[in-house]
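Working notes for the structure below.
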Amino acid sequence: MSHAPSYYAATANPFPDQPQLVGDLSVDVVVVGGGFTGLSAALYAAEAGFSVVLLESQRIGWGASGRSGGQMIPGMRWGAVDLAARFGDDHTRQLVGLANLAGDMVKGRIARHSIACDLRHGHFHAAAKPAHLEHMKRELDCLERLLGYKGARVIEAGAVQDHVASPMYHGGFVDDNGGHLHPLNYALGLAQAAREAGVRIFERSAVTAMDHAGPVIATTAQGTVTARHGVLACDAFMGELDPKLGAMTMPVANYNVATAPLGEDRACALIPSGAAVSDSKFVLNYYRINADNRLIFGGGEKYSPRPPADIEGFVRPYLEQVFPQLKGVPIDYGWGGMVGVTLNRLPHFGRIGNSFFAHGWSGHGVLLTTLAGQLIAEAMQGTAERFDLFANLPGRPFPGGTLLRHPLYVAGMLYYALRDRL
Ligand SMILES: Cc1cc2nc3c(=O)[nH]c(=O)nc-3n(C[C@H](O)[C@H](O)[C@H](O)COP(=O)(O)OP(=O)(O)OC[C@H]3O[C@@H](n4cnc5c(N)ncnc54)[C@H](O)[C@@H]3O)c2cc1C
């Protein structure tokens, strides 16, 4: 079984097919989902001495993790200013301080396991409106005041061209702590590290039922795994296994393209710093130059579950709006994936019986998921303070139930997308 077609699938590092689960196993921990969250939880749990089985319905990295923009964006979807206004300074200091550990954790994993995933440094958040730049200045002040944050600065409109050769922006937030990577190869590297730590991975092994009371029992078509602890790491696909948890997130389709290689000079002229770039539009554009000098570009959201017939044609207008100089540029790959979005855009952590879950990354999952895996493994060992910092964040299901949540959400999104154009 191959990965869903994409630039990443075409350039994936070798990783052997893992067997299907056949028969009944008994272990300490059963993890459901082979994306960053599940892989990280499995790896940290195995390192803590637990025996671990990971069950993935398709292939490792098949979900959002193996298809994402690869942008390592520090922090959470809510900035420190908004968190402090809602939760106060002390809680924000703890939350953002913890979230900010994720970048070093990912870089640490890459170094420790020698994961070849084209890691590059730097993130630039481009201001699409003058008011967004003012907000970025307040954000930097808040980060410096609460956390003594280092490595970030705000630049004015006149300096934008040093970071990105686009006419669209009014300044931006430069953060040396961010970066970008080849997400499928990071997932495969984590999986390899997990195997070496003793995790048994099964692919093409969809969990069809899960019992969380007493011992956790995960059932697949041809077997069961009984465990002391379970981990639900299915993000946008959670609803298929647990409709109640699934109602806490909305799967939103997002599309990426990879241009043909542009050559070093042309690529460098587009993003001179080599950083990952995302902009502050509500329906954001996000892009980066990768290891072979392609532009990997994500833009536009489609609220119907059906993918566009022509992904390249769907994304191209956004790309050419950001970079008019790339009009007609050849596009070699186009692909899509499902982003798990919560109603308030904060991730949703918690427990059901003896199982833990973490999902709803709302487009900020490349870094936070690796952290979540560590926090889940800590909680299994009885130290749940850091897990509970996230688990205590407010969250509620999408209104309208599973039938109406989608049309209501679409109406809301179209309103905000319209505001982008004002
Ligand atoms: C197109 C796109 C671009 C993105 N760009 C960025 C970005 O640039 N930066 C950023 O920070 N975030 C980005 N994100 C979000 C980020 O990729 C996700 O938040 C993150 O990868 C989620 O990881 P996960 O492990 O929780 O979920 P996933 O990677 O989706 O993994 C869940 C896995 O669970 C498996 N599964 C589901 N149900 C079952 C079952 N019943 N039994 C067994 N297995 C099951 C699925 O097959 C899947 O492999 C993007 C997402 C998409 C789709």
Side-chain angles (χ1 to χ4, degrees), residues 3-4 6 8 21 30-42 54-77 102-103 106 123 178-181 183-184 186-187 190-191 201-210 218-221 225 231-242 245-246 249 251-257 276-278 284-288 296-302 307 311 315 334-342 347-349 357-370 372-373 376:
H3 289 283
S6 71
Y8 302 130
L21 177 72
V30 58
V31 177
V32 186
F36 300 144
T37 306
L39 290 165
S40 172
L54 184 148
L55 301 170
E56 162 56 47
S57 65
Q58 314 285 333
R59 294 211 63 187
I60 291 299
W62 183 88
S65 299
R67 310 173 188 218
S68 92
Q71 305 224 343
M72 301 159 67
I73 308 171
M76 299 160 58
R77 180 76 181 256
V106 170
H123 179 256
H180 54 102
L181 47 66
L184 181 56
Y186 177 57
L190 282 182
I201 297 178
F202 296 91
E203 293 182 313
R204 292 160 292 121
S205 301
V207 174
T208 52
M210 193 131 166
T219 305
T220 69
V225 181
V231 179
L232 284 164
C234 308
D235 199 29
F237 312 96
M238 195 78 96
E240 292 163 30
L241 181 58
D242 188 320
L245 265 189
T249 65
V252 177
N254 210 276
Y255 298 95
N256 276 219
V257 296
V277 184
S278 57
L284 81 165
N285 302 293
Y286 55 99
Y287 42 91
R288 62 196 182 90
I296 310 272
F297 188 99
E301 277 178 355
K302 196 161 182 302
I311 292 177
V315 177
W335 66 95
M338 287 298 177
V339 183
V341 174
T342 59
H348 183 228
F349 285 49
F357 60 82
H359 63 156
W361 308 106
S362 304
H364 259 57
V366 167
L367 294 183
L368 289 175
T369 45
T370 296
I376 289 170

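Computed from a predicted structure; not experimentally measured. In each ligand, atom 1 is the first atom listed, and ligand 1 is the first ligand listed.
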Give the atoms of ligand 1, by number and element, whose distance to some non-hydrogen atom of [X] is under 4.0 Å.
X	value
Gly337	53 (C)
Gly63	29 (O), 30 (O), 48 (C), 49 (O)
Trp62	47 (O)
Asn256	1 (C)
Ala233	32 (C), 33 (C), 34 (O)

Mind checking the [atom1]-[atom2] spacing from [X] to [Y]? Nearest 0.5 Å is all I need.
X	Y	atom1	atom2	value
Tyr286	Asn254	OH	CG	3.5 Å
Leu245	His348	CG	NE2	6.5 Å
Leu284	Gln71	CG	CD	8.0 Å
Thr37	His359	OG1	NE2	10.0 Å
Glu203	Arg59	CD	CZ	5.0 Å
Leu21	Leu54	CG	CG	11.5 Å

Quick one: look up the protein heavy atom nearest [atom] and list residue, atom name and how far away it is.
atom	result
atom 51 (C) of ligand 1	Val339 CG2, 3.6 Å
atom 27 (O) of ligand 1	Asp235 CB, 3.4 Å
atom 13 (C) of ligand 1	Gly363 O, 3.7 Å
atom 49 (O) of ligand 1	Glu56 OE1, 2.7 Å
atom 23 (O) of ligand 1	Ser65 OG, 3.1 Å
atom 38 (N) of ligand 1	Cys234 SG, 3.6 Å
atom 34 (O) of ligand 1	Gly33 CA, 3.3 Å
atom 30 (O) of ligand 1	Ala64 N, 3.0 Å

Using a 3.5 Å cut-off on N or O atoms only, is [X] in polar contact with ligand 1?
X	value
Val366	yes
Gly69	yes
Gly365	yes
Thr369	no
Arg59	no
Trp361	yes

Kindly identify the option in [options] whose heavy atom sits closest to [atom].
atom	options	value
atom 41 (N) of ligand 1	Asp242, Val207, Val341, Val252	Val207
atom 25 (O) of ligand 1	Thr208, Leu284, Leu39, Thr37	Thr37
atom 37 (C) of ligand 1	Tyr286, Phe237, Phe36	Phe237
atom 43 (C) of ligand 1	Ser57, Gly336, Gly34, Ala358	Ser57

| Name of the residue among Leu181, Val106, Ile73 meeting side chain to side chain contact (heavy atoms under 4.5 Å, CB included) with Val366 | Leu181
Under 4.0 Å from ligand 1, counting heavy atoms only, is it the side chain of [X], its backbone, both or neither?
X	answer
Arg67	backbone
Leu55	backbone
Met338	backbone
His364	backbone

| Can you check whether Leu190 reaches Ile60 side chain to side chain, under 4.5 Å on heavy atoms? | no
| Side-chain heavy-atom pair Ser362, Arg77 within 4.5 angstrom cut-off |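 Ser362 reaches Arg77 side chain to side chain.
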| Have Asn256 and Tyr8 got a donor and an acceptor in their side chains that come within less than 3.5 Å? | no
Is there a donor-acceptor pair closer than 3.5 Å between any side-chain N or O of [X] and the backbone N or O of [Y]?
X	Y	answer
Asp235	Gly360	yes
Trp335	Arg67	yes
Ser40	Thr370	yes
Arg288	His123	no
Ser65	Ala187	no

| request: State yes or no: are the ring centers of Phe36 and Trp361 separated by less than 6.0 Å? | output: no
